[in-house]
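Side chains are part of it too, since the values below use all heavy atoms of this structure and drop only hydrogens, waters and symmetry mates. First the proteins, then the strands, lettered A, B, ... as listed; each starts at 1.
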2 protein chains.
Amino acid sequence: MTSGIDTGVLSQKTRYAIRAMQHLADRYGQGPVHLQEISDKQNIPAKFLTVILSELSRLGIVESQRGKDGGYWLALSPIDISYGDLIRVMRGSLALVPCASRFAHEKCKNCLEEGDCRTRALMLEVRDRTAELLDGFRLSDPISPVPAFAADEQD
Amino acid sequence: MTSGIDTGVLSQKTRYAIRAMQHLADRYGQGPVHLQEISDKQNIPAKFLTVILSELSRLGIVESQRGKDGGYWLALSPIDISYGDLIRVMRGSLALVPCASRFAHEKCKNCLEEGDCRTRALMLEVRDRTAELLDGFRLSDPISPVPAFAADEQD
DNA sequence: TTATTGTCAACAAAATGAGTTGAGAATATT
DNA sequence: AATATTCTCAACTCATTTTGTTGACAATAA
C-alpha cells in the first residue's frame, strides 16, 4: 500500500552536514581539517561544502582558521553533539509539522485553530519521542554501518 | 542554536490528507460524506481536495460514490488505519533518508557506499522506532487537541 | 433529462533545493 | 612586502517539487 515517491526528509544539505561533522568527529583533537579532505573523503561537492561549513561555523558548532594549514574542527567534543542537534540546526526543527515545533514554532498554513487540531496533538508527541531518540545518539558513538538490504519487510 | 527555516516534513498535501481522513473517521458508518463538507470543515481548498481524495480512493483506503448523495467514506474501520499508514501512503516512506527505507528503498545520491554509511545505520534505527510509534496511533484514537504553546523549552 | 457529485489529466505559478560564481578576508611563508 | 593558501559569503542560476486550478467527463439519483 504505497504511492508517492520518496524525497527524503533530510535534505541533501543536511546529509552532507552530518557526514562532514562525522568526519570532523573522527579527526577531533588533531588540528584543522581541510575542506578539500572532507569533500574528497565524504563525497561532497567542494563549493557546496563551503556554504555548509561556513554556516556551521557561524552557528558556533565548528571552528575554523584561514590560510595555510587552516581548516575546520569541532567546537565541542563529539560526545556533546547529538544527531538531534545537527538536524535541529540544519532544518530548524525535529518536528514533522511547523506547529509542533517548540523552538521554531509557526502556525501551519490553512490549518484549524491550534487548540482544535488533533494532528498537532499527535505530532507534539511524535516530536518529543523523536527528540528523545535523536538526542540519544552522539557524534562520539561508534556506529557500525549496516550491510545493504536483503530485500525484506516493509518500510 | 538554530538557523534554517522550517518547511515541515509533512507536505501540505499530506496534512490535508490526514485531516480529511480524520474527518471521515468521525463520520464512519454514517454513509457518504460530501467533499464540500470536508473542504469547509477542515479548511482545505476544494479542488485540491478532489485530487487528494481521488488518490486515496485509487489506493483503496477510501471508497466513493458519485451523483446526488454521493461522497466518500473510509474503506476500513478507523481502528485499522494508522497514522503510519497515512504518512507512508502519502509520502512513500517513514524514513528520514531514502536509503533507510525498506519499502521505498533507494540509494542516496552522492553518498558513501551503503555498507560504509554510518548515517544510514543510524537512520535505520530511527525509522524502526518512528514506525513503531506512528503505527501505534490510529484514526480511531480519541486524541485531545493541545492548547497553543506557553512559550517554553526547546524544539 | 437534469442536477448533483466524484474522476482525472493537463496546466501554471510559486517555492524550494542544490549547487556555482566570484570577489574578498585572514593567515602563513618566503 | 609579496605570494600562495584557505576560509567567507552574498548573489545567482537552474531544475524539481509543491500547491494548487481548469475544464472536460462519468456516474448516480430524482
Side-chain angles (χ1 to χ4, degrees), chain A residues 3-17 19-20 24 31-40 42-73 75 90-92 97-98 106 108-111, chain B residues 3-17 19-20 24 31-40 42-60 62-73 75 90-92 97-98 108-111:
Chain A
S3 74
I5 42 164
D6 187 4
T7 320
V9 168
L10 301 187
S11 67
Q12 187 72 297
K13 189 177 173 187
T14 299
R15 291 177 225 170
Y16 288 157
R19 291 217 305 282
L24 291 181
V33 180
H34 286 171
L35 185 143
Q36 196 58 52
E37 174 187 320
I38 305 175
S39 167
D40 291 344
Q42 298 296 329
N43 197 22
I44 303 172
K47 276 300 199 172
F48 196 22
L49 187 54
T50 69
V51 175
I52 295 167
L53 286 173
S54 295
E55 201 172 319
L56 292 170
S57 172
R58 266 195 307 279
L59 289 163
I61 199 171
V62 309
E63 292 182 338
S64 63
Q65 182 164 21
R66 308 190 216 195
K68 181 95 162 101
D69 291 324
Y72 301 87
W73 61 95
M90 292 306 293
R91 55 179 315 284
V97 291
E106 205 174 316
C108 294
K109 194 195 147 207
N110 261 15
C111 197
Chain B
S3 75
I5 43 162
D6 187 3
T7 320
V9 169
L10 302 186
S11 67
Q12 187 73 299
K13 188 178 174 187
T14 298
R15 292 177 225 170
Y16 286 158
R19 293 217 304 283
L24 291 181
V33 180
H34 287 170
L35 184 143
Q36 196 57 53
E37 175 186 319
I38 305 175
S39 166
D40 290 345
Q42 298 295 329
N43 197 21
I44 303 172
K47 277 300 199 172
F48 197 23
L49 186 53
T50 69
V51 175
I52 295 167
L53 285 173
S54 294
E55 200 173 319
L56 292 171
S57 172
R58 266 196 307 280
L59 289 164
V62 310
E63 291 182 339
S64 63
Q65 182 163 24
R66 308 191 216 196
K68 181 92 161 98
D69 292 324
Y72 301 86
W73 61 95
M90 293 305 293
R91 57 179 314 284
V97 291
C108 295
K109 193 195 149 206
N110 260 14
C111 196

Distance check: side-chain N/O of B:S64 vs OP1/OP2 of C:dT7, anything under 4.0 Å? yes
Let's see if you can work this out: which of D:dC7, D:dG20, C:dG19 has an atom nearest to the side-chain heavy atoms of A:H34? D:dC7
Least distance between heavy atoms, B:L49 atom then B:S39 atom: CD2-N, 3.6 Å
Relative to the 5' end of DNA chain C, which residue comes earlier, A:V51 or B:D69, by the nucleotide with the nearest heavy atom? B:D69
Let's see if you can work this out: which of C:dG19, D:dC7, C:dT7 has an atom nearest to the side-chain heavy atoms of A:Y72? D:dC7
Which listed nucleotide (D:dT21, C:dA25, D:dC9) is nearest to the side chain of A:R66? C:dA25
Expressed in angstrom and rounded to an integer, what is the separation of B:L35 atom CG from C:dC8 atom P? 14 Å
Describe the nucleic acid contact of A:Q65 in one word from base, sugar-phosphate, nothing, applying a heavy-atom distance below 4.0 Å. sugar-phosphate
So does A:L53 get a backbone contact from the side chain of A:S57, meaning a donor-acceptor N/O pair under 3.5 Å? no
Just call it for A:T50: base, sugar-phosphate, or nothing, with non-hydrogen atoms closer than 4.0 Å on any strand. base
Send over the distance from A:K47 NZ to D:dC9 C1', rounded to a whole Å. 10 Å
CD of A:E55 versus C1' of C:dA18: gap in Å, rounded? 13 Å
Beyond-backbone contact of A:L56 with A:M90, side-chain heavy atoms, under 4.5 angstrom: yes
Rounded to 10°, the helix from C:dT1-D:dA30 to C:dT30-D:dA1 deviates from straight, judged by its five-pair end axes, by 10°
Nucleotide C:dA18, atom P - distance to CZ of A:R91 in whole Å: 12 Å
Is any side-chain N or O of A:S57 closer than 4.0 Å to OP1 or OP2 of D:dT8? yes
Under 3.5 Å, is there a donor-acceptor pair between the side chain of B:S54 and the main chain of B:V51? no
Between P of D:dC9 and CG of A:L53, the distance in whole Å: 12 Å
So, does the side chain of B:K68 form a donor-acceptor pair with the base of C:dG6 at under 3.5 Å? no
Over how many whole Å does the gap from B:L59 atom CG to C:dT7 atom C1' extend? 14 Å
A:Y16 side-chain N/O to C:dG19 phosphate OP1/OP2 under 4.0 Å: yes
B:N110 side chain: which of D:dT8, C:dG19, D:dT19 is closest? C:dG19
For A:A46 versus A:L35, what's the shortest heavy-atom pair and its separation? O-CD2, 3.6 Å
Short question: side chain of B:R15, backbone of B:L10 - any donor-acceptor pair under 3.5 Å? yes
With sequence neighbours excluded, what pairs up with A:E37 under the salt bridge (Lys or Arg N to Asp or Glu O under 4.0 Å) test? A:R27
Mapping A:R58 and B:K13 onto DNA chain D by nearest heavy atom, which one lands closer to the 5' end? A:R58
Is there a side-chain contact between A:D40 and A:H34 (heavy atoms, below 4.5 Å)? no
Rounded to the nearest angstrom, tell me the gap between atom CD in A:E63 and atom P in D:dT8. 11 Å
Separation of atom CD in A:E37 from atom P in D:dT6, rounded to whole Å: 12 Å
